[in-house]
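Structure incoming, see below.
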Amino acid sequence: MSDTSERPIRVRMAPSPTGPLHIGTARTSLYNFLFARHHGGTYVLRIEDTDLARSTVEQEQDIIDNLHWLGITWDEGPQVARGDDIGPFAPYRQSMRLDLYAAEAARLLESGAAYHCWCTPEELDAVRREQESKKEAPRYNGRCLRLTDADRAQFEAEGRRPAIRFRVPPETIRFDDLIRGEVEFDNRLLGDFVIVRADGSPLYHFVVVIDDEKMAITHVIRGEDHLSNTPKHIALIESLGYRQPRFGHIPLILNADRSKMSKRKSQTAITAYREQGYLPEALVNFLAFLGWSPGTEEEIFTLDELGQRFDLSHVHKAGAVFDADRLDYLNGVYIRSLTDEQLALRLRPFLPETLDDEGVLRVTPLIKERLVRLADATELTAFLVESDEQVAALYGADALVPKGRTPADAARALAIARDVLTQLADGDFAADVLEGRCRAVAEGLGWKPGDFFRPLRAAVTGRSVSPPLFGSMELLGRDRVLARIDAALGKVSAEAQVT
RNA sequence: GCCCCCAUCGUCUAGAGGCCUAGGACGCCACCCUUUCAAGGUGGAGAUCACCGGUUCGAAUCCGGUUGGGGGCACCA
């Protein structure tokens, strides 16, 4: 039945621009991409924009941009939204292939495999509700199949436009799924479904089958949510006289409650992850392992390595919960694996423009180990761009007083630190020198270093948690550090007066 | 309701009849390192392999059933 063995391997991803690139679509795209890479096949991108009402160019652009961002590239298909399509089967946008679908619909009509249906949405709705109330399967009752010529003439006269329904052959469909093995389905349970709307636009189940044939797709790798739709597609393939591709249904990505991952319960837009500073390498690595593993205990892979290792036989059957904690961990791993120069480049968009490139490169090593997402850099480096007044407003006098000490003690400590730092030459205002001097101050005071560093950190950064203190001070520069210590001194002195 | 698919630590997974008194990773806990937070190191808790029956000398692995979960049944894709 299927003749894929002799045909060169061709797979496709078929996103619908009815929303931004979805995590699930990205993962399905990745699996197709890896499959093509692994077998030296051709990878096609086809835009499924038959739902004109919900499709937009912006969303198409989002899909293309983010696929590129992930490193997923295709051999055929649109390279940019509304741009020129590349490949022998162009165009690759369904909205530009309408004549083809119309011709195939006409063929089906002519052979009697499809028929016109004049039922209105309201009528269909009424039938469906009645079936549901009687606990019957909600499917088309075949009314328009039994119409007389007079009935048809009557509808025409009323100005009603017919949709086209596929007459589902009463047969049992069997196919050998690449991932699930033998699957059997009785198509008698199916109602005749609409393949062309009353307005003449074709529907998904119809166009997907036509395009997969015309684009010579040999392997259809898609989400498990399409498993139950496959018998429809096979019936259509047979009626149209097409070659049957191999089907492989990959497990779904799930919300924490194990339902199909949705916008409602999870963050599903790739753009959102990108904006938060997830690295495409991390996302790809993470997504690849949602439903697949190389069969070993290795778990960090580049896209190229995944292409070498990926095979359908190791794809799981059960759905996989999207574990954000694990993604965070992987993102950290990838961030830390970058050189400072590489990281600085990626950090640039997440840091204020007032920080110059030199500044970005200098903070990078200070925050590298602390980043889960690139966007975390904003908060981690805020103390650098905030004014001395803003920093001072972030903490109270109590943050300057170590346990067991009085505000007066704290004031004395800060005053000493101020003097010591003032004496430092500009060239000596460096992390290691600063640390040495500050330790000496603590020692002279008879304080534990930590008890002295804590207030100093509050004064300098306004926070109890910050990048390494002395590196931060070096970056800030002597003048600003001294100004902040002065502000702290004012605060704690006022406190000392009160008490 | 009907049909289809699925089932190993909380999560992602290793496992393809004896290598499994079930391995790794994330998360969690403890300790170490340490100027905070991280990162790193070490150790720990955590799965009677959903349940019941069968096949077999032997089953997490094969078969059947049960239960549970998910998906599909649109003039959405």
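Letters go in sequence order (proteins before strands), and every chain restarts at 1. Predicted, not measured: the structure shown is a model, and the values here were computed from it.
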Span that lies between the P atom of B:C20 and that of B:A60, in whole angstrom
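Taking atom P in both B:A60 and B:C20, they lie 13 Å apart.
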
Span that lies between the P atom of B:G27 and that of B:G70, in whole angstrom
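That atom pair is separated by 27 Å.
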
Over all strands shown, is A:E184 touching base, sugar-phosphate only, or nothing at heavy-atom distances under 4.0 angstrom?
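Result for A:E184 = sugar-phosphate.
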
Can you tell me if CZ on A:R167 sees more than 12 non-hydrogen neighbours from other groups inside 6.0 Å?
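Not buried by this count: 12 neighbours or fewer within 6.0 Å.
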
Expected string for nucleotides 72-77 of chain B under the B/S/- scheme (protein heavy atoms, under 4.0 Å, primed atoms plus P, OP1, OP2 as sugar-phosphate) is SBSBBB

With a 4.5 Å limit on heavy-atom distance, are the side chains of A:P91 and A:R97 in contact?
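Yes, their side chains come closer than 4.5 Å.
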
Can you tell me if CZ on A:R264 sees more than 12 non-hydrogen neighbours from other groups inside 6.0 Å?
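Counting neighbours around CZ of A:R264, 12 or fewer heavy atoms of other residues, nucleotides or ligands fall under 6.0 Å, so no.
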
Taking atom P in both B:C75 and B:G17, what distance in whole Å separates the two?
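Here B:C75 and B:G17 have their P atoms 47 Å from each other.
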
Round to the nearest Å and state the distance from A:F185 atom CZ to B:C2 atom P.
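Whole-Å distance recorded here is 14 Å.
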
Given atom CG of A:L252 and atom P of B:G71, what is their separation to the nearest angstrom?
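That distance rounds to 7 Å.
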
List every contact pair, protein side and nucleotides 11-16 of chain B side both N or O, where the distance is under 3.5 Å.
{"unit_1": "B:C12", "atom_1": "OP1", "unit_2": "A:V321", "atom_2": "N", "d": "2.8"}
{"unit_1": "B:C12", "atom_1": "O2'", "unit_2": "A:F289", "atom_2": "O", "d": "3.1"}
{"unit_1": "B:U13", "atom_1": "OP1", "unit_2": "A:G291", "atom_2": "N", "d": "2.2"}
{"unit_1": "B:U13", "atom_1": "O3'", "unit_2": "A:S293", "atom_2": "OG", "d": "3.4"}
{"unit_1": "B:U13", "atom_1": "O3'", "unit_2": "A:H316", "atom_2": "NE2", "d": "3.4"}
{"unit_1": "B:A14", "atom_1": "OP1", "unit_2": "A:S293", "atom_2": "OG", "d": "3.0"}
{"unit_1": "B:A14", "atom_1": "OP2", "unit_2": "A:H316", "atom_2": "NE2", "d": "2.4"}
{"unit_1": "B:G15", "atom_1": "OP1", "unit_2": "A:H314", "atom_2": "NE2", "d": "3.4"}

A:R412 atom CZ: more than 12 heavy-atom contacts under 6.0 Å
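Open.
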
P atoms of B:C26 and B:G43, separation to the nearest Å
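Nearest-Å result for B:C26 against B:G43 at atom P: 14 Å.
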
Determine the Euclidean distance between corresponding C1' atoms of B:C28 and B:A74; express it in Å to zero decimal places.
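Taking atom C1' in both B:A74 and B:C28, they lie 45 Å apart.
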
Residue list, salt bridge (charged side-chain N to carboxylate O under 4.0 Å, His left out) with A:E443, at least two apart or on another chain
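With neighbours one apart ignored, the set is empty.
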
Could you tell me whether A:E298 and A:R309 have a side-chain N and a carboxylate O separated by less than 4.0 Å?
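Yes, A:E298 and A:R309 are salt-bridged.
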
Quick one: A:R180 CZ to B:A7 P, roughly how many Å, whole number?
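In whole Å, B:A7 P lies 9 Å from A:R180 CZ.
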
Per-nucleotide protein contact along nucleotides 37-45 of chain B, 5' to 3', at a 4.0 Å heavy-atom cut-off (B base, S sugar-phosphate only, - neither), is BBSS-----

Base-pairing assignment for B:C33 (Watson-Crick or G-U wobble, both under 3.5 Å)
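With both distances under 3.5 Å required, B:C33 matches none.
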
Return the pairing partner of B:U61 with a 3.5 Å limit on both distances, Watson-Crick or G-U wobble; otherwise return none.
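Here B:U61 is not engaged in any pair, so there is no nucleotide opposite it.
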
Measure the spacing between CG of A:L384 and OG of A:S472 and express it to the nearest 0.5 Å.
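Output value for this atom pair is 7.0 Å.
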
Paired nucleotide for B:U21 [Watson-Crick or G-U wobble; both distances under 3.5 Å]:
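For B:U21, the partner nucleotide comes out as none, under the 3.5 Å rule.
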
To the nearest 0.5 Å, how far apart are CG in A:D211 and CD1 in A:I47?
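A:D211 atom CG to A:I47 atom CD1 measures 12.0 Å (nearest 0.5 Å).
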
Distance-only polar pair, side chains of A:D328 and A:Y278, donor-acceptor under 3.5 Å:
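Indeed, the side chains of A:D328 and A:Y278 share at least one donor-acceptor pair under 3.5 Å.
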
Look at the aromatic rings of A:F322 and A:F286 and report parallel, tilted or perpendicular, splitting at 30° and 60°.
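Ring orientation, 0 to 90° scale: perpendicular.
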
G-U wobble or Watson-Crick pairing nucleotide for B:G1 (cut-off 3.5 Å, both distances):
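Checking every strand shown, B:G1 finds its partner in B:C73, with both distances under 3.5 Å.
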
Considering only the C1' atoms, how many Å lie between B:U21 and B:A25, rounded to the nearest integer?
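Approximately 22 Å lies between the C1' atom of B:U21 and that of B:A25.
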
Atom-pair distance (CG on A:D257; C1' on B:G69), nearest Å:
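So the CG-C1' distance, A:D257 to B:G69, works out to 11 Å.
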
Can A:D199 and A:R161 be counted as an ion pair, charged N to O under 4.0 angstrom?
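No.
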
List, one per line, each side-chain donor-acceptor pair under 3.5 Å for residues 444-457 of chain A, sequence neighbours excluded.
{"unit_1": "A:D451", "atom_1": "OD1", "unit_2": "A:R454", "atom_2": "NH2", "d": "3.0"}
{"unit_1": "A:R457", "atom_1": "NE", "unit_2": "A:S466", "atom_2": "OG", "d": "2.8"}

Could you give the distance separating B:U55 and B:G64 at their C1' atoms, to the nearest angstrom?
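So the two C1' atoms sit 11 Å from each other.
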
Are A:R188 and A:D186 close enough for a salt bridge, meaning some N to O gap below 4.0 Å?
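Judged by the 4.0 Å cut-off on N to carboxylate O distance, A:R188 and A:D186 do form a salt bridge.
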
Please determine whether the number of non-hydrogen atoms from other residues, nucleotides or ligands lying under 6.0 Å from atom CZ of A:R480 exceeds 12.
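Above 12, so yes.
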
Spacing of A:D186 atom CG relative to B:C2 atom P, expressed in whole Å:
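The answer, rounded to whole Å, is 15 Å.
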
Between A:F175 and A:F247, how do the two ring planes meet: parallel, tilted or perpendicular, split at 30° and 60°?
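Plane angle over 60°, so perpendicular.
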
Of all of residues 449-461 of chain A, which get a heavy atom below 4.0 angstrom from RNA chain B, listed by number?
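Going residue by residue through residues 449-461 of chain A, the ones with a heavy atom under 4.0 Å of RNA chain B turn out to be A:F453, A:R457.
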
Let me know the distance between NZ of A:K317 and P of B:U8, rounded to the nearest Å.
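Going from NZ in A:K317 over to P in B:U8 covers 13 Å.
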
Suppose you measure atom C1' in B:C33 against the same atom in B:U8; what distance do you get, rounded to whole Å?
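Per the computed distance, 36 Å lies between those C1' atoms.
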
Write down the distance between CG (A:L400) and P (B:U35), rounded to a whole number of angstrom.
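Rounded to whole Å, this separation is 20 Å.
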
Between A:N187 (CG) and B:C4 (C1'), how many Å, whole number?
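Taking CG of A:N187 and C1' of B:C4, I get 12 Å after rounding.
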
